[in-house]
Amino acid sequence: MKKVRIQQATRLLRTSEMNISQVAFEVGVDSLPYFTKIFPKEMGLPISKYREKSSQEQ
């Protein structure tokens, strides 16, 4: 389940203007600290860095 939420979050981070809190809530994670903890473990970099990298690739 966690992996599916992270996949949804990565899609939203790439394709929407939602902030990180909104993305976390949208994928069903009520705790922003938990979301910011699990995201780097799954994706290998912090959320803000992921968003920067994604926007540079487009």
Side-chain angles (χ1 to χ4, degrees):
M1 185 60 96
K2 179 172 52 172
K3 196 164 264 212
V4 171
R5 287 183 174 150
I6 294 296
Q7 289 171 345
Q8 290 173 335
T10 58
R11 181 181 51 80
L12 289 171
L13 288 167
R14 285 192 317 265
T15 61
S16 77
E17 296 295 320
M18 292 177 160
N19 65 39
I20 295 168
S21 299
Q22 291 169 320
V23 170
F25 182 74
E26 184 70 24
V27 300
V29 178
D30 295 332
S31 170
L32 185 58
Y34 175 72
F35 184 68
T36 58
K37 180 179 175 183
I38 64 169
F39 191 92
K41 289 181 181 178
E42 295 291 324
M43 297 305 296
L45 64 161
I47 298 169
S48 58
K49 296 292 183 191
Y50 178 83
R51 183 168 253 175
E52 276 179 31
K53 181 181 174 195
S54 293
S55 67
Q56 290 172 355
E57 290 175 358
Q58 293 178 355

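Quantities reported herein were computed from a predicted structural model and do not represent experimental measurements. Positions are given from 1, in the same order as the sequence printed here.
- Summarising the geometry, atom CD belonging to Glu26 is positioned 8.5 Å from atom OG belonging to Ser16; distances are rounded to the nearest 0.5 Å.
- A pairwise comparison of heavy atoms in Glu17 and Arg51 identifies C-NH2, 4.4 Å as the closest pair.
- Minimum interatomic distance between Val27 and Ala9 (heavy atoms only, all atoms of both residues): CG1-N, 3.7 Å.
- Here the CD1 atom belonging to Ile6 is positioned 7.5 Å from the CD1 atom belonging to Ile47, to the nearest 0.5 angstrom.
- Counting non-hydrogen atoms of other residues, nucleotides and ligands closer than 6.0 Å to CD of Gln8 gives a total above 12.
- Using a 4.5 Å cut-off between side-chain heavy atoms of Ile, Leu, Val, Met, Phe, Trp and Tyr, with links allowed through other members, Val29 and Phe25 fall into different hydrophobic clusters.
- From Leu12, atom CG reaches atom CG of Asn19 across 11.5 Å, with rounding to the nearest 0.5 Å.
- Using a 4.5 Å cut-off on side-chain heavy atoms (C-beta onward), Phe39 and Ile20 make no contact.
- Minimum heavy-atom separation, Val23 to Met18: CG2-CB, 3.7 Å.
- When all heavy atoms of Pro46 and Pro40 are compared, the pair lying nearest together is CA-CG, 4.0 Å.
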